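This report concerns only the one structure given below.
None of the values given here were measured: they were computed from a predicted structure.
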There are 2 protein chains.
Amino acid sequence: MTGGPTRRRETRQGEAVRDALAQSEGFRSAQDVYAALRTEGENVGLSTVYRHLQALADDGDVDVIHTPEGETTYRYCGDAARRHHHHLVCRVCGRAEEIEGRAVERWAVSVADQHGYSDVDHTVEVFGTCSACQG
Amino acid sequence: MTGGPTRRRETRQGEAVRDALAQSEGFRSAQDVYAALRTEGENVGLSTVYRHLQALADDGDVDVIHTPEGETTYRYCGDAARRHHHHLVCRVCGRAEEIEGRAVERWAVSVADQHGYSDVDHTVEVFGTCSACQG
DNA sequence: CCTGGTATTGAAAACCATTCCCAATATCGG
DNA sequence: CCGATATTGGGAATGGTTTTCAATACCAGG
Ligand SMILES: [Mn+2]
Ligand SMILES: [Mn+2]
Ligand SMILES: [Zn+2]
Ligand SMILES: [Zn+2]
(Lines give C-alpha, C1' and ligand atoms only; values in the text may rest on other atoms or scores of the structure.)
(Ligands and ions follow the chains in the order given, each with its own letter.)
Protein backbone atom coordinates (compact mmCIF):
# COMPACT_ATOMS: atom_id res chain seq x y z
CA MET A 1 0.00 0.00 0.00
CA THR A 2 1.26 3.43 -0.90
CA GLY A 3 -0.55 5.10 2.00
CA GLY A 4 -1.19 8.81 1.99
CA PRO A 5 -4.48 10.50 2.69
CA THR A 6 -7.14 9.29 0.30
CA ARG A 7 -8.32 12.36 -1.53
CA ARG A 8 -11.99 12.33 -2.26
CA ARG A 9 -13.65 13.36 -5.45
CA GLU A 10 -15.13 16.78 -5.78
CA THR A 11 -18.81 16.16 -6.31
CA ARG A 12 -21.77 18.43 -6.77
CA GLN A 13 -23.22 17.18 -3.52
CA GLY A 14 -20.05 17.65 -1.54
CA GLU A 15 -19.69 21.18 -2.82
CA ALA A 16 -23.30 21.96 -2.03
CA VAL A 17 -22.91 20.81 1.56
CA ARG A 18 -19.70 22.74 2.04
CA ASP A 19 -21.20 25.88 0.54
CA ALA A 20 -24.31 25.67 2.64
CA LEU A 21 -22.18 25.59 5.75
CA ALA A 22 -19.81 28.29 4.60
CA GLN A 23 -22.75 30.59 3.97
CA SER A 24 -23.85 30.34 7.56
CA GLU A 25 -22.61 32.43 10.44
CA GLY A 26 -23.22 29.75 12.98
CA PHE A 27 -23.51 26.11 13.85
CA ARG A 28 -25.96 24.11 11.79
CA SER A 29 -27.20 20.56 12.15
CA ALA A 30 -27.28 18.02 9.36
CA GLN A 31 -31.04 18.37 9.24
CA ASP A 32 -30.68 22.14 8.93
CA VAL A 33 -28.30 21.81 6.03
CA TYR A 34 -30.49 19.23 4.37
CA ALA A 35 -33.55 21.47 4.65
CA ALA A 36 -31.64 24.49 3.38
CA LEU A 37 -30.34 22.66 0.34
CA ARG A 38 -33.72 21.25 -0.44
CA THR A 39 -35.28 24.70 -0.16
CA GLU A 40 -32.90 26.20 -2.68
CA GLY A 41 -33.66 23.40 -5.08
CA GLU A 42 -30.31 21.70 -4.61
CA ASN A 43 -31.06 18.03 -4.47
CA VAL A 44 -28.93 16.07 -2.03
CA GLY A 45 -29.86 12.99 -0.09
CA LEU A 46 -29.95 13.13 3.68
CA SER A 47 -27.43 10.32 4.07
CA THR A 48 -25.11 12.20 1.76
CA VAL A 49 -25.38 15.35 3.82
CA TYR A 50 -24.43 13.37 6.91
CA ARG A 51 -21.55 11.77 5.07
CA HIS A 52 -20.05 15.02 3.86
CA LEU A 53 -20.44 16.80 7.16
CA GLN A 54 -18.63 13.98 8.86
CA ALA A 55 -15.90 13.99 6.25
CA LEU A 56 -15.45 17.72 6.70
CA ALA A 57 -15.19 17.22 10.42
CA ASP A 58 -12.69 14.40 10.02
CA ASP A 59 -10.56 16.56 7.75
CA GLY A 60 -10.65 19.31 10.33
CA ASP A 61 -12.42 21.71 7.99
CA VAL A 62 -15.32 22.30 10.31
CA ASP A 63 -15.86 22.44 14.03
CA VAL A 64 -18.38 20.27 15.79
CA ILE A 65 -20.56 21.00 18.78
CA HIS A 66 -23.06 18.70 20.40
CA THR A 67 -26.02 20.69 21.60
CA PRO A 68 -27.65 19.90 24.92
CA GLU A 69 -30.66 18.83 22.90
CA GLY A 70 -28.62 16.05 21.39
CA GLU A 71 -28.03 17.42 17.93
CA THR A 72 -24.61 17.50 16.33
CA THR A 73 -23.93 20.87 14.77
CA TYR A 74 -21.19 21.92 12.38
CA ARG A 75 -19.57 25.22 11.55
CA TYR A 76 -17.22 26.17 8.78
CA CYS A 77 -14.35 27.98 10.47
CA GLY A 78 -11.95 28.61 7.61
CA ASP A 79 -8.28 28.50 8.45
CA ALA A 80 -9.08 29.04 12.09
CA ALA A 81 -10.44 25.52 12.26
CA ARG A 82 -6.88 24.21 12.38
CA ARG A 83 -5.86 26.18 15.41
CA HIS A 84 -7.27 25.07 18.72
CA HIS A 85 -10.05 27.42 19.72
CA HIS A 86 -13.45 27.62 21.30
CA HIS A 87 -16.73 29.37 20.60
CA LEU A 88 -19.09 31.92 21.94
CA VAL A 89 -22.43 30.71 20.60
CA CYS A 90 -25.77 32.48 20.42
CA ARG A 91 -28.31 30.05 21.77
CA VAL A 92 -31.05 31.75 19.77
CA CYS A 93 -29.71 31.95 16.23
CA GLY A 94 -26.62 29.73 16.41
CA ARG A 95 -24.25 32.49 15.38
CA ALA A 96 -20.78 31.95 16.81
CA GLU A 97 -17.62 33.91 17.49
CA GLU A 98 -14.23 32.27 17.62
CA ILE A 99 -12.54 32.77 20.94
CA GLU A 100 -9.42 31.52 22.59
CA GLY A 101 -8.02 31.59 26.05
CA ARG A 102 -4.51 30.55 26.86
CA ALA A 103 -5.30 30.66 30.57
CA VAL A 104 -8.05 28.10 30.16
CA GLU A 105 -5.82 25.74 28.23
CA ARG A 106 -3.15 25.89 30.90
CA TRP A 107 -5.68 25.53 33.67
CA ALA A 108 -7.17 22.37 32.13
CA VAL A 109 -3.79 20.69 31.83
CA SER A 110 -2.66 21.64 35.31
CA VAL A 111 -5.82 20.55 37.07
CA ALA A 112 -5.72 17.20 35.28
CA ASP A 113 -2.08 16.86 36.20
CA GLN A 114 -2.80 17.48 39.86
CA HIS A 115 -5.29 14.62 39.89
CA GLY A 116 -3.08 12.20 38.00
CA TYR A 117 -5.13 12.14 34.83
CA SER A 118 -3.35 11.66 31.51
CA ASP A 119 -4.29 12.23 27.86
CA VAL A 120 -6.00 15.44 28.80
CA ASP A 121 -8.58 16.97 26.55
CA HIS A 122 -11.32 19.47 27.18
CA THR A 123 -14.47 21.05 25.88
CA VAL A 124 -15.27 24.68 26.53
CA GLU A 125 -18.26 26.44 25.07
CA VAL A 126 -19.69 29.78 26.06
CA PHE A 127 -23.34 30.41 25.38
CA GLY A 128 -25.25 33.65 25.34
CA THR A 129 -27.66 35.79 23.38
CA CYS A 130 -26.05 37.80 20.62
CA SER A 131 -26.81 41.50 20.30
CA ALA A 132 -28.97 40.92 17.22
CA CYS A 133 -31.16 38.45 19.13
CA GLN A 134 -31.66 40.57 22.23
CA GLY A 135 -34.79 42.58 23.10
CA MET B 1 -52.77 28.64 43.26
CA THR B 2 -50.68 28.53 46.38
CA GLY B 3 -47.48 28.03 44.48
CA GLY B 4 -44.37 26.65 46.10
CA PRO B 5 -42.30 23.75 44.88
CA THR B 6 -44.37 20.62 44.57
CA ARG B 7 -42.72 18.08 46.80
CA ARG B 8 -42.76 14.62 45.40
CA ARG B 9 -43.51 11.44 47.21
CA GLU B 10 -40.71 9.27 48.44
CA THR B 11 -41.11 6.03 46.56
CA ARG B 12 -39.19 2.81 46.48
CA GLN B 13 -38.25 3.47 42.87
CA GLY B 14 -37.10 6.99 43.44
CA GLU B 15 -34.94 5.92 46.34
CA ALA B 16 -33.48 3.08 44.30
CA VAL B 17 -32.47 5.41 41.48
CA ARG B 18 -30.94 7.93 43.83
CA ASP B 19 -29.02 5.25 45.71
CA ALA B 20 -27.72 3.67 42.54
CA LEU B 21 -26.28 7.01 41.50
CA ALA B 22 -24.91 7.87 44.91
CA GLN B 23 -23.04 4.59 45.02
CA SER B 24 -21.16 5.43 41.87
CA GLU B 25 -17.95 7.43 41.62
CA GLY B 26 -18.74 8.75 38.20
CA PHE B 27 -21.23 9.72 35.58
CA ARG B 28 -23.77 7.08 34.66
CA SER B 29 -26.39 6.96 31.95
CA ALA B 30 -30.04 6.11 32.47
CA GLN B 31 -29.44 2.80 30.78
CA ASP B 32 -26.52 2.11 33.11
CA VAL B 33 -28.64 2.79 36.16
CA TYR B 34 -31.47 0.70 34.81
CA ALA B 35 -29.14 -2.23 34.19
CA ALA B 36 -27.53 -1.89 37.60
CA LEU B 37 -30.87 -1.87 39.41
CA ARG B 38 -32.10 -4.80 37.41
CA THR B 39 -28.94 -6.75 38.24
CA GLU B 40 -29.33 -6.27 41.97
CA GLY B 41 -32.91 -7.47 41.74
CA GLU B 42 -34.41 -4.05 42.27
CA ASN B 43 -37.29 -3.81 39.85
CA VAL B 44 -37.77 -0.38 38.32
CA GLY B 45 -39.15 0.42 34.92
CA LEU B 46 -36.94 2.17 32.40
CA SER B 47 -39.27 5.14 32.02
CA THR B 48 -39.26 5.53 35.75
CA VAL B 49 -35.48 5.61 35.82
CA TYR B 50 -35.51 8.37 33.23
CA ARG B 51 -38.14 10.27 35.15
CA HIS B 52 -36.28 10.21 38.43
CA LEU B 53 -32.94 11.09 36.90
CA GLN B 54 -34.54 14.06 35.25
CA ALA B 55 -36.25 15.10 38.45
CA LEU B 56 -32.96 14.88 40.32
CA ALA B 57 -31.34 17.01 37.66
CA ASP B 58 -34.16 19.57 37.80
CA ASP B 59 -33.84 19.78 41.57
CA GLY B 60 -30.13 20.35 41.19
CA ASP B 61 -29.26 17.18 43.09
CA VAL B 62 -27.19 15.72 40.28
CA ASP B 63 -24.98 17.05 37.56
CA VAL B 64 -25.54 16.25 33.92
CA ILE B 65 -23.08 15.70 31.11
CA HIS B 66 -23.88 14.85 27.54
CA THR B 67 -21.25 12.52 26.16
CA PRO B 68 -19.96 12.98 22.63
CA GLU B 69 -21.62 9.65 21.88
CA GLY B 70 -24.96 11.23 22.59
CA GLU B 71 -25.74 9.75 25.95
CA THR B 72 -26.91 11.83 28.86
CA THR B 73 -25.02 10.94 32.02
CA TYR B 74 -25.75 11.86 35.61
CA ARG B 75 -23.65 12.11 38.73
CA TYR B 76 -24.61 12.54 42.33
CA CYS B 77 -22.50 15.38 43.62
CA GLY B 78 -23.76 15.84 47.15
CA ASP B 79 -23.80 19.37 48.50
CA ALA B 80 -21.28 20.39 45.89
CA ALA B 81 -23.96 20.09 43.25
CA ARG B 82 -25.37 23.43 44.40
CA ARG B 83 -22.16 25.35 43.96
CA HIS B 84 -21.13 26.06 40.41
CA HIS B 85 -18.35 23.69 39.45
CA HIS B 86 -16.99 21.57 36.66
CA HIS B 87 -15.58 18.09 36.26
CA LEU B 88 -12.48 16.21 35.39
CA VAL B 89 -13.87 13.02 33.93
CA CYS B 90 -12.15 9.73 33.15
CA ARG B 91 -13.19 8.80 29.65
CA VAL B 92 -12.57 5.13 30.42
CA CYS B 93 -14.47 4.46 33.65
CA GLY B 94 -16.53 7.63 34.03
CA ARG B 95 -15.03 8.51 37.40
CA ALA B 96 -15.07 12.25 37.99
CA GLU B 97 -13.37 14.84 40.19
CA GLU B 98 -15.01 18.09 41.08
CA ILE B 99 -12.98 21.05 39.97
CA GLU B 100 -13.44 24.75 39.90
CA GLY B 101 -11.63 27.64 38.34
CA ARG B 102 -12.39 31.23 39.14
CA ALA B 103 -10.23 32.37 36.26
CA VAL B 104 -12.32 30.42 33.78
CA GLU B 105 -15.57 31.84 35.09
CA ARG B 106 -14.28 35.37 34.80
CA TRP B 107 -12.86 34.71 31.35
CA ALA B 108 -16.18 33.38 30.07
CA VAL B 109 -18.07 36.43 31.25
CA SER B 110 -15.55 38.92 29.96
CA VAL B 111 -15.23 37.38 26.52
CA ALA B 112 -19.01 37.31 26.14
CA ASP B 113 -19.16 40.88 27.31
CA GLN B 114 -16.63 41.98 24.74
CA HIS B 115 -18.77 40.55 21.96
CA GLY B 116 -22.02 41.97 23.23
CA TYR B 117 -23.56 38.69 24.27
CA SER B 118 -25.91 38.59 27.25
CA ASP B 119 -27.28 35.85 29.49
CA VAL B 120 -23.90 34.20 29.54
CA ASP B 121 -23.54 30.58 30.44
CA HIS B 122 -20.83 28.06 29.76
CA THR B 123 -19.92 24.42 29.76
CA VAL B 124 -16.44 23.29 30.70
CA GLU B 125 -15.45 19.67 30.95
CA VAL B 126 -11.99 18.24 31.19
CA PHE B 127 -11.47 14.69 30.03
CA GLY B 128 -8.58 12.35 30.66
CA THR B 129 -7.61 8.89 31.81
CA CYS B 130 -7.60 8.44 35.56
CA SER B 131 -4.61 6.85 37.24
CA ALA B 132 -6.52 3.63 37.88
CA CYS B 133 -7.32 3.26 34.20
CA GLN B 134 -3.80 3.92 32.90
CA GLY B 135 -1.34 1.27 31.68
C1' DC C 1 -61.79 0.60 57.88
C1' DC C 2 -64.01 2.10 53.18
C1' DT C 3 -63.71 5.42 49.33
C1' DG C 4 -62.97 8.78 46.00
C1' DG C 5 -59.22 11.77 44.27
C1' DT C 6 -54.50 12.30 43.12
C1' DA C 7 -49.76 10.76 42.10
C1' DT C 8 -46.76 7.24 40.37
C1' DT C 9 -45.60 3.46 37.65
C1' DG C 10 -44.14 0.86 33.55
C1' DA C 11 -44.95 -1.63 29.16
C1' DA C 12 -45.45 -0.49 24.74
C1' DA C 13 -45.61 2.82 21.10
C1' DA C 14 -43.94 7.05 19.29
C1' DC C 15 -40.02 10.07 18.34
C1' DC C 16 -36.03 11.52 16.09
C1' DA C 17 -31.25 12.05 14.99
C1' DT C 18 -28.09 9.20 13.06
C1' DT C 19 -26.26 5.04 10.83
C1' DC C 20 -26.51 1.08 7.91
C1' DC C 21 -27.60 -1.32 3.70
C1' DC C 22 -27.28 -1.93 -1.00
C1' DA C 23 -28.85 -1.43 -5.67
C1' DA C 24 -28.51 2.30 -9.00
C1' DT C 25 -25.50 5.71 -10.83
C1' DA C 26 -21.44 8.41 -11.82
C1' DT C 27 -16.58 8.68 -12.66
C1' DC C 28 -11.87 7.19 -13.78
C1' DG C 29 -7.90 4.84 -15.94
C1' DG C 30 -6.68 2.38 -19.78
C1' DC D 1 -15.93 2.08 -24.91
C1' DC D 2 -15.15 -1.10 -20.73
C1' DG D 3 -14.46 -2.88 -16.46
C1' DA D 4 -13.17 -1.28 -11.85
C1' DT D 5 -14.01 1.81 -8.26
C1' DA D 6 -16.38 5.52 -5.75
C1' DT D 7 -20.51 7.97 -4.65
C1' DT D 8 -25.25 8.45 -4.07
C1' DG D 9 -29.72 8.18 -1.75
C1' DG D 10 -34.06 5.88 -0.38
C1' DG D 11 -35.45 3.09 2.97
C1' DA D 12 -34.75 0.14 6.81
C1' DA D 13 -32.47 -0.37 11.13
C1' DT D 14 -30.54 1.59 15.54
C1' DG D 15 -30.61 3.41 19.94
C1' DG D 16 -31.44 6.75 23.34
C1' DT D 17 -35.22 9.26 25.01
C1' DT D 18 -40.10 10.71 25.45
C1' DT D 19 -44.92 9.99 25.38
C1' DT D 20 -49.11 7.53 26.24
C1' DC D 21 -52.29 5.67 29.18
C1' DA D 22 -54.30 1.93 31.80
C1' DA D 23 -53.12 -0.25 36.13
C1' DT D 24 -51.53 0.52 40.66
C1' DA D 25 -50.21 2.86 44.96
C1' DC D 26 -51.01 6.30 48.16
C1' DC D 27 -53.52 9.91 50.60
C1' DA D 28 -57.02 12.42 53.38
C1' DG D 29 -61.80 12.43 54.73
C1' DG D 30 -65.75 10.42 56.05
MN1 LIG E 1 -14.40 27.72 14.90
MN1 LIG F 1 -20.29 17.60 40.44
ZN1 LIG G 1 -28.26 35.36 17.85
ZN1 LIG H 1 -10.91 5.75 35.03
Taking the minimum atom-to-atom distance to the side chain of [X], which one of [options] wins?
{"X": "A:Arg12", "options": "D:dG9, C:dT18, C:dT19", "answer": "D:dG9"}
{"X": "A:Gln31", "options": "D:dT8, C:dT18, C:dG10", "answer": "C:dT18"}
{"X": "A:Tyr50", "options": "C:dG10, C:dT19, D:dT18", "answer": "C:dT19"}
{"X": "A:Glu71", "options": "C:dT9, D:dG9, C:dA17", "answer": "C:dA17"}
{"X": "B:Thr48", "options": "D:dG9, C:dT19, C:dG10", "answer": "C:dG10"}
{"X": "B:Arg9", "options": "D:dT17, C:dA17, D:dC26", "answer": "D:dC26"}

Without decimals, in angstroms, what is the distance between [X] [atom1] and [N] [atom2]?
{"X": "B:Glu15", "N": "C:dT8", "atom1": "CD", "atom2": "C1'", "result": "15 Å"}
{"X": "A:Asp32", "N": "C:dC16", "atom1": "CG", "atom2": "C1'", "result": "14 Å"}
{"X": "B:Leu46", "N": "D:dG16", "atom1": "CG", "atom2": "C1'", "result": "9 Å"}
{"X": "A:Leu53", "N": "D:dG9", "atom1": "CG", "atom2": "P", "result": "13 Å"}
{"X": "B:Tyr34", "N": "D:dG15", "atom1": "OH", "atom2": "P", "result": "16 Å"}
{"X": "B:Asp58", "N": "D:dT18", "atom1": "CG", "atom2": "P", "result": "11 Å"}
{"X": "B:Arg8", "N": "D:dC26", "atom1": "CZ", "atom2": "P", "result": "16 Å"}
{"X": "B:Gln13", "N": "D:dA23", "atom1": "CD", "atom2": "C1'", "result": "13 Å"}

- Output yes when at least one side-chain N/O atom of B:His52 is less than 4.0 Å from OP1 or OP2 of C:dT8, else no.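 Indeed not, no polar side-chain atom of B:His52 lies that close.
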- Task: Using a cut-off of strictly less than 4.0 Å, decide whether A:Thr72 has a side-chain nitrogen or oxygen near OP1 or OP2 of C:dA17.
- Result: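 A:Thr72 to C:dA17 OP1/OP2: no side-chain N or O under 4.0 Å.
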- N/O donor-acceptor pair, side chain B:Ser47 with base C:dA11, under 3.5 angstrom: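 Donor-acceptor pair under 3.5 Å: yes.
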By the 4.0 Å heavy-atom rule, please label [X] as base, sugar-phosphate, or nothing.
{"X": "B:Asn43", "result": "sugar-phosphate"}
{"X": "A:Gln54", "result": "sugar-phosphate"}
{"X": "A:Glu10", "result": "nothing"}
{"X": "A:His66", "result": "nothing"}
{"X": "A:Thr11", "result": "sugar-phosphate"}

- Tell me, do A:His86 and A:His122 make a side-chain contact under 4.5 Å, heavy atoms counted?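 Yes; the side chains approach each other to less than 4.5 Å.
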- Query: Hey, are the side chains of B:Gln13 and B:Arg51 touching, using non-hydrogen atoms and a 4.5 Å cut-off?
  - Reply: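 No, too far: nothing below the 4.5 Å cut-off.
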- Task: Evaluate side chain to side chain contact (heavy atoms under 4.5 Å, CB included) for B:Val17 paired with B:Leu53, printing each intermediate quantity in order.
- Result: CA-CA 7 Å; B:Val17 169; B:Leu53 286 176; 3.8 Å; yes
- Give a yes-or-no answer on whether the side chains of A:Tyr76 and A:Glu25 include a donor-acceptor pair shorter than 3.5 Å.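 No, because no side-chain N or O of A:Tyr76 sits under 3.5 Å from a partner of the opposite role on A:Glu25.
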- Message: For B:Tyr74 and B:Gln54, which I'm curious about, is there any donor-acceptor pair between the side chains at under 3.5 Å?
- Response: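 Short answer, no.
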- Task: Please lay out, stage by stage, how A:Arg83 and A:Glu98 fare under the test salt bridge (charged side-chain N to carboxylate O under 4.0 Å, His left out).
- Result: CA-CA 11 Å; A:Arg83 262 165 272 148; A:Glu98 324 243 306; over 6 Å; no
